[in-house]
Amino acid sequence: MESDNNTSQMKAVILAAGRGERLGQAGRDQPKALLAFDGVTLLERHIQNLAHGGIRQVYLITGYQQQAIEQAIAGLTIDITIQTIYNANYTQGSMVSLYCARDILAAATDLILMDADVLYHTEILQRLIHSQHRNCLLLDEHFAAGDEPVKICIHADRIVELRKQIDGHLRWDIQGESVGFFRFDGRLAAQLLQQVQRRIDEGHVNEPHEEAIRALVLGQPEQFHYENITGLPWIEIDFPEDVQRAQTEVLERFHA
């Protein structure tokens with residue numbers, strides 16, 4: 001699992017197709033990736049942070065208001081190549097969006113997979129990109145209990161669960177929230193595609209893509225590790241109150 005820390009051939013896939021219906025008016029006005037904080041959109045922050053980490057090729061899965069995202073990309077001056085892939089079925093689950101990236105998953109190259117709706121301190125992504133582990137998740141032990149967070153459970157230093165709903169009988173030593181960013185080497189990226197393909201073939205188009213990742217991780221936990229980013233500020237933007245918290249709490253901590 002050791003990484004050579006060479007990011008020049010690493011690719012990034014950003015899932016940015018969803019409509020963001022739970023955001024209310026903010027989600028209807030624009031894609032979540034174009035929400036701006038301190039005058040900088042989430043999308044631009046992702047691209048800046050990926051470029052800072054040495055990534056030179058980004059694939060952006062678009063859907064809702066994809067033309068607005070195309071226009072935003074055209075206005076960026078960051079030295080990085082961005083290719084959009086349109087998901088015509090963006091109203092379905094994120095599993096379908098990930099399937100749109102099947103050619104990239106099959107290309108046998110190291111890969112960063114990201115949700116677009118996250119505001120985060122740049123150190124969080126750098127830890128993933130430069131982790132010594134080529135197959136890796138990000139875990140934050142400080143999270144609000146409930147059904148919304150995707151939880152990662154660790155037992156005996158292995159990942160034993162990755163899901164919103166956790167079996168009450170499960171044994172774990174560490175539990176944290178997933179940031180929604182993942183790293184895979186080329187071999188396991190190709191195996192992730194197999195998991196996604198199987199679910200698409202079985203008609204599970206409304207499933208979240210984390211279900212395919214979960215099956216891959218739990219099927220061979222010895223191949224995966226995690227970076228503990230507890231204490232670093234970040235927030236997933238799902239609800240109007242998340243926008244408010246991002247503006248009044250999270251951004252302040254970027255400069256603390």
Side-chain angles (χ1 to χ4, degrees), residues 12-23 27 32-33 42 46 61 92-99 101 105 111-121 124-125 127-128 131 133 135-155 158-184 188-189 192 195-196 199 204-221 223-239 241-243 245-246 250:
V13 172
I14 304 176
L15 303 180
R19 183 171 179 175
E21 293 180 342
R22 297 184 296 180
L23 266 178
K32 285 202 284 185
L42 294 177
H46 296 325
I61 312 302
Q92 297 176 333
S94 58
M95 188 77 72
V96 176
S97 286
L98 184 52
Y99 187 61
L105 294 175
L111 179 74
I112 299 292
L113 175 63
M114 306 171 60
D115 290 337
D117 59 351
V118 182
L119 176 68
Y120 56 97
H121 192 286
I124 288 177
L125 184 58
R127 288 207 191 163
L128 185 64
S131 173
H133 306 284
N135 299 289
C136 190
L137 295 72
L138 295 174
L139 177 151
D140 185 354
E141 293 185 66
H142 293 165
F143 69 100
D147 293 337
E148 189 62 30
V150 175
K151 303 164 191 70
I152 302 171
C153 297
I154 311 296
H155 180 62
R158 286 197 175 185
I159 300 169
V160 294
E161 189 54 284
L162 173 65
R163 223 174 207 175
K164 290 185 176 182
Q165 303 289 340
I166 303 299
D167 187 328
H169 300 291
L170 182 70
R171 295 178 60 194
W172 46 267
D173 308 310
I174 299 172
Q175 185 182 87
E177 182 176 1
S178 169
V179 176
F181 301 166
F182 306 90
R183 177 175 170 175
F184 305 96
L188 288 184
L192 175 60
Q195 293 288 345
V196 173
R199 281 162 173 75
H204 299 304
V205 295
N206 292 313
E207 278 190 345
H209 67 286
E210 287 93 351
E211 284 299 300
I213 297 173
R214 174 182 182 270
L216 183 66
V217 172
L218 299 191
Q220 40 191 319
Q223 295 296 321
F224 287 88
H225 200 73
Y226 64 94
E227 295 288 342
N228 194 323
I229 57 87
T230 302
L232 290 172
W234 69 282
I235 188 169
E236 183 179 6
I237 311 296
D238 285 324
F239 302 99
E241 52 267 33
D242 295 332
V243 176
R245 281 192 58 215
V250 178

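For clarity, every value in this text was computed on a predicted model and none was experimentally measured.
Between His209 and Phe182, the ring planes are perpendicular. Angles over 60° get that label, and only those under 30° would be called parallel.
Residue Arg183 comes nearest to Ser131 through the heavy atom pair NH1-O, 3.2 Å, listed as atom of the first residue, atom of the second, then distance. Nearest heavy atom pair, residue Cys136 against residue Glu227, reads SG-CG, 3.5 Å. Between Ala101 and Val13 the shortest heavy-atom distance is CB-CG1, 4.1 Å. Contact record, Asp140 with His142: OD1-N, 3.0 Å, taken as the closest heavy-atom pair. Of all heavy-atom pairs between Val196 and Ala212, the closest is CG2-CB, 3.7 Å. Here the closest heavy-atom approach between residue Leu188 and residue Leu216 is recorded as O-CD2, 3.5 Å.
Atom CG in Leu15 sits 6.0 Å away from atom CG in Asp115 (nearest 0.5 Å). A distance of 11.5 Å separates CD in Gln175 from CG in Asp173, rounded to the nearest 0.5 Å. Atom-to-atom distance recorded for Leu113:CG and Ile14:CD1 is 9.5 Å, nearest 0.5 angstrom. Ile152 contributes atom CD1, which lies 5.5 Å from atom CG of Leu162 (distance to the nearest 0.5 angstrom). The distance from the CG atom of Leu138 to the CD1 atom of Ile229 is 6.0 Å, given to the nearest 0.5 Å. Taken from CZ in Phe239 to CG in Leu23, the straight-line distance is 8.5 Å, to the nearest 0.5 Å.
Within the 4.5 Å cutoff, the side chain of Ile154 has no heavy atoms near those of the Val160 side chain. Counting heavy atoms from C-beta on, the side chains of Arg163 and Glu210 never come closer than 4.5 Å. Taking the side chain as every heavy atom from C-beta outward, Ile174 and Leu139 approach each other to under 4.5 Å. With contacts defined as side-chain heavy-atom distances shorter than 4.5 Å, the pair Leu192/Leu111 does not qualify. Side-chain contact between Met114 and Leu125 is present, with at least one heavy-atom pair separated by less than 4.5 Å.
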### Task
Go through the steps to decide whether Met95 and Glu211 satisfy the test side-chain contact (heavy atoms from CB on, under 4.5 Å), and finish with yes or no.
CA-CA 8 Å; Met95 188 77 72; Glu211 284 299 300; 4.2 Å; yes
### Task
Please assess Val250 against Trp234 for the test side-chain contact (heavy atoms from CB on, under 4.5 Å), listing each intermediate value before the final yes or no.
CA-CA 6 Å; Val250 178; Trp234 69 282; 5.6 Å; no
### Message
Before you tell me yes or no, could you show the steps for His155 and Glu161 under side-chain contact (heavy atoms from CB on, under 4.5 Å), namely the whole-Å CA-CA distance, both residues' side-chain angles and the distance that decides it to 0.1 Å?
### Response
CA-CA 9 Å; His155 180 62; Glu161 189 54 284; over 6 Å; no
### Query
Given Cys153 and Leu170, is the side-chain contact (heavy atoms from CB on, under 4.5 Å) satisfied, shown in steps?
CA-CA 9 Å; Cys153 297; Leu170 182 70; 3.9 Å; yes
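Side-chain N or O atoms of Thr230 include one that pairs as donor or acceptor with a backbone N or O of Glu141 at under 3.5 Å. No donor-acceptor pair under 3.5 Å is formed between the side chain of Lys32 and the backbone N or O of Ala116.
With respect to Glu148 and Lys164, a salt bridge is recorded, a charged nitrogen being found less than 4.0 Å from a carboxylate O. With respect to the salt-bridge test (charged N to carboxylate O, under 4.0 angstrom), the residues Arg199 and Glu207 qualify.
In this view, Asp242 satisfies the salt bridge (Lys or Arg N to Asp or Glu O under 4.0 Å) rule with no residue, not counting sequence neighbours.
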